[in-house]
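The next block holds one structure in the form of structure tokens; read it before the comments.
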Amino acid sequence: MSLTSTLDELLAGGVPARVPGIVAGVTDARRTRYLASFGRRGPDEEMVMTADTVGWIASMTKPLTCTAAMQLVETGQLDLDAAAADTVPDIAGLGVLEGFGDDGAPRIRPPRRPVTLRDLLTHTSGLVYDIWNADILRYRELTDTPGIIGCRNTSLMTPLVFDPGERWNYGIGIDWTGKMVEAASGTTLGAYLREHVFEPLGMHDTAFRITGTMRRRLARLYARDRDGTLELEPDRELPQEPEFEMGGGGLYGTVGDYLKFIRMILNRGQSGSARVLQPETVHAMSRNQIGPLRVSRLSTAMLALSNDAEFFPEVPRTWSFAFMINEEQAPTGRSAGSLAWAGLANSYFWIDPARGIGGAWLTQVLPFVDREAFPLYLAFEKSVYDSMAE
């Protein structure tokens, strides 16, 4: 069977039995090889999922914000190893949470060294998400600190849970990175991305603020109950007039747009006549930048938003300046040294420089690593590699 017919058969069988709707795409370095949609983007019959359906891509925002930061590293406007507080002074006020006293008050001490942009990009800063850290969830509740999803500046002011560089743990470092992009460039993160990343790549349907044309194609968000039932989530849209644009997870976009970003990485920073990143920068963004540290399991502290999350637990995984890297071949066929990450509403992507292929996947279902959406995504990726082997 051809790639198209193989994937069509797989994904058509996944809706609506497993997820309400899917958009999935595959690209090589030159062109889109596959882009198709299945199911619905909402509860009404006319809300058909289309190839240009817009969805919340959540943490698939991170590599785009990292791209912006690395552009500014190229021009000398940001320094990977200088104290981040030189650019965003507020981060100097964050201490290390060592636990809670007998009275329940958080115990906080100064970090042993300042946080750097390198720490933020590689998730080794000590800043974590409350979704996967019960101590930070408790700290937020005790101090009435708002969650990051509300895009309020005070939501960034949570303590570290370890000293910078000590270990890897996924968190809000890329939101601080977005703040550094704004401070260094003198403009908002969205404006910077639009001029320096989205326009050169032709990503016209990706933005923090949902435009009118995007909203007409917007997929609704669903949540799966413990009994497996999917319910519409009416109030999950990100603030459209935020205090800060969330560089770690605030973008809405399309699979087609994300395939353009993947192609740029496959082409070592080039997109048509536009150079978005220097080849040496893409090289750095495609290599382990955390040394002997390893990406570890994310154990949920908020079951409504995420199940326990771990990609290919039998495969050692590291982190670059933008991506997770599988250091050995993955069970799906993904080559060793491939790049990947995901978004909270079960959107996923991968980039395989060795095979010159990549793909992106959009569903709008909570919790993360959904019991139906995630296995279906893995089957999609494996089918791509199986078709290449035929």
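Just so you know, residue 1 is the first one in the sequence shown, and it goes up from there.
Pairing each heavy atom of Lys62 with each of Gly248, the nearest pair is NZ-O, 2.6 Å. Annotation for Ile325 and Gly337: closest pair CG2-CA, 3.8 Å, computed over non-hydrogen atoms. Summarising the geometry of Met157 relative to Asp90, their closest heavy-atom pair is CE-O, 3.5 Å, with the distance given to 0.1 Å. Across every non-hydrogen atom of Ala29 and Leu266, the tightest pair is N-CD1, 4.0 Å. In terms of heavy-atom proximity, Ile149 sits nearest to Pro239 at O-CD, 3.5 Å. Taking both residues in full, the closest heavy atoms of Ile174 and Cys66 are given as CD1-SG, 3.8 Å, listed atom of the first, atom of the second, then distance.
For the atom pair Thr213 OG1 and Arg217 CZ, the distance stands at 5.5 Å (nearest 0.5 Å). To the nearest 0.5 Å, atom CD of residue Gln278 and atom CE of residue Met285 are 12.5 Å apart. To the nearest 0.5 angstrom, Asp86 atom CG is 11.0 Å from Thr116 atom OG1. Atom OG1 of residue Thr254 and atom CE of residue Met214 lie 8.0 Å apart, to the nearest 0.5 angstrom. How far CD1 of Ile108 is from CG of Leu94: 9.0 Å, rounded to the nearest 0.5 Å. To the nearest 0.5 angstrom, Thr124 atom OG1 is 11.5 Å from Asp163 atom CG.
Asp257 and Thr206 are linked by a side-chain donor-acceptor pair at a separation below 3.5 angstrom, with hydrogens and angles left out of the test. No side-chain donor-acceptor contact under 3.5 Å links Asn346 and Thr363. Of the N and O atoms on the side chains of Glu381 and Tyr385, not one donor lies less than 3.5 Å from an acceptor on the other residue. Thr145 and Thr143 form a side-chain donor-acceptor contact under 3.5 Å, judged by distance and modelled atom types alone. Arg263 and Thr27 share a donor-acceptor pair across their side chains, judged by distance under 3.5 Å alone. With hydrogens and angles left out, the side-chain atoms of Ser185 and Thr187 include no donor and acceptor closer than 3.5 Å. Using modelled atom types, one finds no donor on one side chain facing an acceptor on the other under 3.5 Å when comparing Asp8 with Ser5. Side-chain atoms of Arg287 and Thr318 include no donor-acceptor pair closer than 3.5 Å. With 3.5 Å as the limit, one finds a donor-acceptor pair spanning the side chains of Tyr170 and Ser59. Side chains of Ser306 and Trp132: a donor on one and an acceptor on the other come within 3.5 Å.
In this structure the side chain of Trp361 reaches within 4.5 angstrom of the side chain of Ile22, judged on heavy atoms. Proximity of Val384 to Trp350: side-chain heavy atoms (C-beta onward) are separated by under 4.5 Å at one or more points. In this structure, the side chains of Leu221 and Leu366 come closer than 4.5 Å at one or more pairs of heavy atoms. Residues Val88 and Glu182 have side chains not in contact (no heavy-atom distance under 4.5 Å, counting atoms from C-beta outward). In this structure, the side chains of Leu376 and Phe380 stay at 4.5 Å or more apart for every pair of heavy atoms. Looking at Arg215 and Gln240, their side chains come closer than 4.5 Å, going by heavy atoms from C-beta outward. Pro316 places a side-chain heavy atom less than 4.5 Å from the side chain of Glu328. A 4.5 Å side-chain heavy-atom check between Phe244 and Ile148 finds at least one atom pair inside the cut-off.
Residue-environment remark: CG (Asp144) stays at or below the threshold of 12 foreign heavy atoms within 6.0 Å. Counting heavy atoms of neighbouring residues, nucleotides and ligands inside a 6.0 Å radius, atom CD of Glu45 does not exceed 12 of them. When the shell of 6.0 Å around CG of Asp102 is examined, it contains 12 or fewer heavy atoms from other residues, nucleotides or ligands. The 12-atom threshold is exceeded at CD of Glu74, counting heavy atoms of other residues, nucleotides or ligands nearer than 6.0 Å.
No donor-acceptor pair under 3.5 Å is formed between the side chain of Asp225 and the backbone N or O of Gly228. Here the side chain of Ser320 pairs a donor or acceptor atom with the backbone of Phe323 at under 3.5 angstrom. Judged by distance alone, with hydrogens and angles left aside, the side-chain atoms of Ser37 form a donor-acceptor pair with the main-chain N or O of Met49 at under 3.5 Å. Within the 3.5 Å criterion, the main-chain N or O of Cys151 finds no donor-acceptor partner in the side chain of Ser155. No donor-acceptor pair closer than 3.5 Å links the side chain of Arg275 to the backbone N or O of Gly272. Side chain of Asn326 to backbone of Gln329: no donor-acceptor contact under 3.5 angstrom is found. Within the 3.5 Å criterion, the main-chain N or O of Asn153 finds a donor-acceptor partner in the side chain of Glu243. Side chain of Thr300 to main chain of Met302: a donor-acceptor pair is present (N/O by atom type, distance under 3.5 Å, no hydrogens or angles). Counting only distance, with no hydrogens or angles, the side chain of Asp28 and the backbone of Arg30 share a donor-acceptor pair below 3.5 Å. Under a 3.5 Å cut-off, the side chain of Arg107 and the backbone N or O of Glu98 do form a donor-acceptor pair.
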* To do: Assess whether side chain to side chain contact (heavy atoms under 4.5 Å, CB included) is satisfied between Val23 and Arg41, documenting all intermediate values.
  => CA-CA 10 Å; Val23 184; Arg41 58 181 176 82; over 6 Å; no
* To do: List the steps, then state whether salt bridge (Lys or Arg N to Asp or Glu O under 4.0 Å) holds for Asp352 with Arg334.
  => CA-CA 7 Å; Asp352 186 338; Arg334 187 189 301 180; over 6 Å; no
* To do: Run the numbers on Thr4 and Ser2 for side-chain hydrogen bond (donor to acceptor under 3.5 Å, both in side chains), then give the verdict.
  => CA-CA 5 Å; Thr4 296; Ser2 68; 4.8 Å; no
* **Criterion side chain to side chain contact (heavy atoms under 4.5 Å, CB included) on Ile91 and Leu120, from CA distance to verdict** => CA-CA 11 Å; Ile91 204 170; Leu120 297 172; 4.2 Å; yes
* **Evaluation steps, side chain to side chain contact (heavy atoms under 4.5 Å, CB included), between Asp119 and Arg113** => CA-CA 11 Å; Asp119 299 324; Arg113 69 161 174 82; 2.8 Å; yes
* **Candidate pair Thr188 and Phe208, rule side chain to side chain contact (heavy atoms under 4.5 Å, CB included), full reasoning** => CA-CA 11 Å; Thr188 65; Phe208 290 107; over 6 Å; no
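Between Tyr348 and Phe374, the distance from one ring center to the other falls under 6.0 angstrom.
Annotation: cation-pi geometry not satisfied between Arg317 and Phe311 (NZ/CZ under 6.0 angstrom from ring centroid, within 45° of ring axis).
Using cut-offs of 30° and 60° on the angle between ring planes, the pair Trp341 and Trp319 is perpendicular. Note on ring orientation: taking the six-membered ring where Trp is involved, the planes of Tyr252 and Trp56 are tilted (angle from 30° to 60°).
With Arg140 as the partner, the side-chain hydrogen bond (donor to acceptor under 3.5 Å, both in side chains) test is satisfied by one option alone out of Asp135, Asn133, Asp130: Asp130.
For Arg297, the salt bridge (charged side-chain N to carboxylate O under 4.0 Å, His left out) partners two or more places apart in sequence, or in a different chain, are Asp308, Glu310.
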